[in-house]
Amino acid sequence: MPAAGLRGLIEAYSTPILLSAILAAVVVATWLSGDLVFAQTVTDTLIRVMLVVGLYIFIGNSGVLAFGHIAFTMIGAYATAWLTLSVFKKSFALQLPAIL
């Protein structure tokens, strides 16, 4: 393989390999630390990075501003808030019908 071809190959795959290595290092650091707050922070950060990258790929490449991604994110956040709320807080703060 010529040197120019190898250089182009390295340039093409260096970013995904570097990002994968960083992600692996963060996962290993989270797993080894055992700290729940750090693990929650890393999880939240990775979720937000995934959302931003998804929006960038769609909006950045197409130029079309769409709110579908954000709407699905809001629905997921709202459902998560409802499902993780304790029974006492649901009955006290939300004043829902008994069936809920």
Side-chain angles (χ1 to χ4, degrees):
M1 182 178 286
L6 181 61
R7 182 175 181 178
L9 191 64
I10 290 172
E11 288 177 2
Y13 290 107
S14 63
T15 302
I17 290 172
L18 180 64
L19 291 176
S20 298
I22 291 171
L23 179 64
V26 167
V27 168
V28 168
T30 304
W31 181 61
L32 291 176
S33 72
D35 186 14
L36 292 178
V37 174
F38 182 68
Q40 183 66 38
T41 303
V42 169
T43 303
D44 289 343
T45 302
L46 291 176
I47 289 171
R48 290 181 179 135
V49 165
M50 185 176 64
L51 175 68
V52 167
V53 168
L55 285 172
Y56 177 75
I57 288 172
F58 182 74
I59 295 172
N61 291 336
S62 68
V64 176
L65 182 61
F67 294 104
H69 294 86
I70 300 301
F72 282 122
T73 304
M74 289 188 308
I75 290 169
Y78 190 71
T80 301
W82 271 69
L83 295 174
T84 58
L85 204 60
S86 68
V87 175
F88 176 72
K89 288 183 181 179
K90 282 182 187 178
S91 66
F92 178 71
L94 299 177
Q95 298 174 356
L96 299 172
I99 194 167
L100 297 176

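The chain is numbered in sequence order, starting from 1.
- To the nearest 0.5 Å, atoms CG (Leu46) and CG (Leu51) are separated by 12.5 Å.
- We find the OG1-CG distance between Thr80 and Leu85 to be 12.0 Å, quoted to the nearest 0.5 Å.
- The other members of the hydrophobic cluster of Leu32, by chain and number, are Val28, Trp31 (side-chain heavy atoms under 4.5 Å, ILVMFWY only).
- Both Val27 and Val42 are part of a single hydrophobic cluster, where members link through side-chain heavy atoms under 4.5 Å apart.
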Exercise. Run the numbers on Leu36 and Gln40 for side-chain contact (heavy atoms from CB on, under 4.5 Å), then give the verdict.
Key: CA-CA 6 Å; Leu36 292 178; Gln40 183 66 38; over 6 Å; no

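- Taking 4.5 Å as the limit, every side-chain heavy atom of Leu23 sits out of range of all side-chain heavy atoms of Leu19.
- Applying the side chain to side chain contact (heavy atoms under 4.5 Å, CB included) rule to Ser86 yields the partners Phe88, Lys89; only residues at least two apart in sequence or on another chain are considered.
- A chain of hydrophobic side-chain contacts below 4.5 Å, direct or via other Ile, Leu, Val, Met, Phe, Trp or Tyr residues, connects Phe38 to Val26.
- For Thr43, the side chain to side chain contact (heavy atoms under 4.5 Å, CB included) criterion is met by Ile47, not counting sequence neighbours.
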